[in-house]
**Q** 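What follows is a single structure, and I will ask about it in a moment.
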Amino acid sequence: QMQLVESGGGLVQAGGSLRLSCAASGRTFSSFIMGWFRQAPGKEREFVAGINWLGDSVYQSDSVKGRFTISRDNAKNKVLLQMNSLKFEDTAVYYCAAASEWSRMQRRECEYWGQGTQVSVSS
């Protein structure tokens, strides 16, 4: 079993920055692809970014590429999402997730999910 806890969400003005953190515990952290998803009311859960153990495989959605950066600190079992140049449309609940392989994350079939943290961007 793996537990994921997000933190760092809040309210920020458009153009501002925010950094989300995901703390993992329980199941072996290195065995999983880690990623971030987001979901706004009335919309499907959307993939934001993902990263493997070594950090040599990183994927980001086109909507956030160039603005968001995903990274992981394996020594601390943490995954970070640095969010810059935030837009109103970035407003959503952001979820940390763990998948056993990239194909599962691509299909939004991650084995573990966090509770989510609210990110609100004012215009």
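As a basis for the values below, the full set of heavy atoms in this structure was taken, side chains included, without hydrogen atoms, waters or symmetry mates.
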**Q** Kindly give the heavy-atom pair with the smallest separation between V119 and L20, and that separation in Å.
**A** CG2-CD2, 4.0 Å
**Q** With the 4.5 Å side-chain cut-off for hydrophobic clustering, are W113 and V5 part of the same group?
**A** no
**Q** What ring-ring contact (aromatic ring centres under 6.0 Å, His included) pairs are there with at least one residue in residues 74-111, not counting sequence neighbours?
**A** Y59-W102
**Q** Provide the closest heavy-atom pair for A98 versus M34 in the form atom of the first, atom of the second, distance.
**A** CB-SD, 3.6 Å
**Q** Testing the basics here: between A97 and C110, what is the closest heavy-atom pair and its distance to 0.1 Å?
**A** CB-SG, 3.7 Å
**Q** Taking salt bridge (charged side-chain N to carboxylate O under 4.0 Å, His left out) as the test, write out the residues that go with E111, two or more places apart.
**A** R104
**Q** Is there a path of hydrophobic side-chain contacts, each under 4.5 Å between heavy atoms of I, L, V, M, F, W or Y residues, that connects L86 with I70?
**A** yes
**Q** Would a single hydrophobic cluster contain both L4 and L80, if residues Ile, Leu, Val, Met, Phe, Trp and Tyr are joined by side-chain heavy-atom contacts under 4.5 Å?
**A** no
**Q** Only pairs at least two apart or in different chains count here, so list each salt bridge (charged side-chain N to carboxylate O under 4.0 Å, His left out) that has a residue in residues 42-53.
**A** R38-E46
**Q** Please name all residues satisfying ring pair (Phe, Tyr, Trp, His ring centres under 6.0 Å) with F47, sequence neighbours left out, ordered by chain then number.
**A** F37
**Q** Would you name the heavy atoms of A49 and L81 that are closest together and state the gap between them?
**A** CB-CD1, 4.5 Å
**Q** Could you list the residues that satisfy salt bridge (charged side-chain N to carboxylate O under 4.0 Å, His left out) with K87, not counting sequence neighbours?
**A** none
**Q** Going by the salt bridge (charged side-chain N to carboxylate O under 4.0 Å, His left out) test, which pairs reach into residues 112-123, not counting sequence neighbours?
**A** none
**Q** Give a yes or no on whether F32 and M105 share a hydrophobic cluster (residues Ile, Leu, Val, Met, Phe, Trp, Tyr; joining criterion: side-chain heavy atoms under 4.5 Å apart).
**A** no
